[in-house]
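Start at 1 with the first residue, then count along the sequence.
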Amino acid sequence: DGSGIWLKVARVEEDSIVATKERIRAVLQANMAGPKRIVEHYEKFVHEHYNLLSLDPFKLGEEYKAAKHSLDDYQADIEKFRKAADDVLDVTVNDLYMGLFVVQTEPVKRGIAAKAMQMAEILSAQVLADNMEEMNETCMRYEQLQARANERPKESHEMEA
C-alpha cells in the first residue's frame with residue numbers, strides 16, 4: 001500500500017550532524033580533565049620503574065644480568081620493585097566517578113603490582129643463582145683443600161707445602 005512512514009536519511013555532512021558531533025566532542029573534552037589527572041598519578045610507576053606496564057620482565061631480567069650489576073644495585077632495585085607493588089595499590093580508590101566517566105583503576109593497579117613483583121622475583125632469583133654458584137665453587141675448593149690436607153705426604157718436602 002505505500003502509505004508507510006518514511007524516515008529521512010541523515011547524512012554525515014549535514015549541519016545538524018556536524019554541530020552535534022562538535023558539541024559531543026566539547027563535552028567529552030571538558031570531562032577528560034579528571035581522568036587525565038588520574039593517569040598522571042600512575043605515570044610515576046611507569047616511568048620510575050622501567051615502564052612497568054609495557055615491560056617484558058624476562059627481557060629486562062636478562063639485560064639486567066648482562067649489565068653485571070652489583071649486589072647493592074640488586075638489593076636497591078628489588079626493594080624498589082616491591083615498594084612499587086605495595087604503593088600502587090594506595091594511589092587511588094578502585095572506582096572514581098568523574099562527570100561522564102567512571103575511571104576503574106583496579107586493573108591498572110593489579111597490572112603494575114604484578115609486573116613489579118615479577119621483576120622483584122626475577123632479580124631475587126638471579127641473586128640466588130649467582131650466590132649458589134659462588135657457594136658451590138667455595139665448597140668445592142674447600143673439599144679439595146680438605147682432601148689434600150688428609151693425604152699423607154710421601155716425601156719430606158711435601159710436608160712443607
Handout entry: Residues in side chain to side chain donor-acceptor pair (under 3.5 Å) contact with E43, at least two apart in sequence or another chain
Key =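 Listed in chain order: nothing, the list is empty.
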Practice task
With sequence neighbours left out, write down each residue that passes side chain to side chain donor-acceptor pair (under 3.5 Å) with Q118, or none if nothing qualifies.
Solution key: none
Practice task
Answer yes or no: are there more than 12 heavy-atom neighbours, outside Q29 itself, under 6.0 Å from its atom CD?
Solution key: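 Result for CD/Q29: open.
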Problem - Other residues, nucleotides, ligands: >12 heavy atoms within 6.0 Å of M135 CE - result: yes
Practice task
Name all residues meeting the salt bridge (charged side-chain N to carboxylate O under 4.0 Å, His left out) criterion together with D86; count only those two or more places apart in sequence or in a different chain, and write none if there are none.
Solution key: none
ILVMFWY network linking [X] to [Y], side-chain heavy atoms under 4.5 angstrom:
X: I17; Y: V27; value: no
X: L89; Y: V91; value: yes
X: L71; Y: L128; value: no
X: F81; Y: M117; value: no

Exercise for the section: Considering non-hydrogen atoms only, spot the tightest contact between I122 and G61 and give its length. Expected result: CG2-CA, 3.9 Å
Practice task
Indicate the atoms forming the closest heavy-atom contact of A84 with A116, along with that distance.
Solution key: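 Looking at all heavy atoms of both residues, the shortest contact is CB-CB, 4.3 Å.
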Going by the salt bridge (Lys or Arg N to Asp or Glu O under 4.0 Å) test, which pairs reach into [range], not counting sequence neighbours?
range: residues 15-32; value: E22-R25
range: residues 57-72; value: none
range: residues 108-132; value: R82-E121, E106-R110

Problem - Flag for Y64-Q126: side-chain donor and acceptor within less than 3.5 Å - result: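 Side-chain D/A pair, Q126 to Y64: absent.
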Value rounded to 0.5 Å, distance of [atom1] in [X] from [atom2] in [Y]:
X: I38; Y: F101; atom1: CD1; atom2: CZ; value: 13.0 Å
X: R37; Y: E40; atom1: CZ; atom2: CD; value: 8.0 Å
X: L55; Y: M119; atom1: CG; atom2: CE; value: 6.0 Å
X: E14; Y: T20; atom1: CD; atom2: OG1; value: 10.5 Å
X: D77; Y: K80; atom1: CG; atom2: NZ; value: 5.0 Å
X: N131; Y: T138; atom1: CG; atom2: OG1; value: 10.0 Å

Problem - Any V108 side-chain heavy atom under 4.5 Å of I112 side chain - result: yes
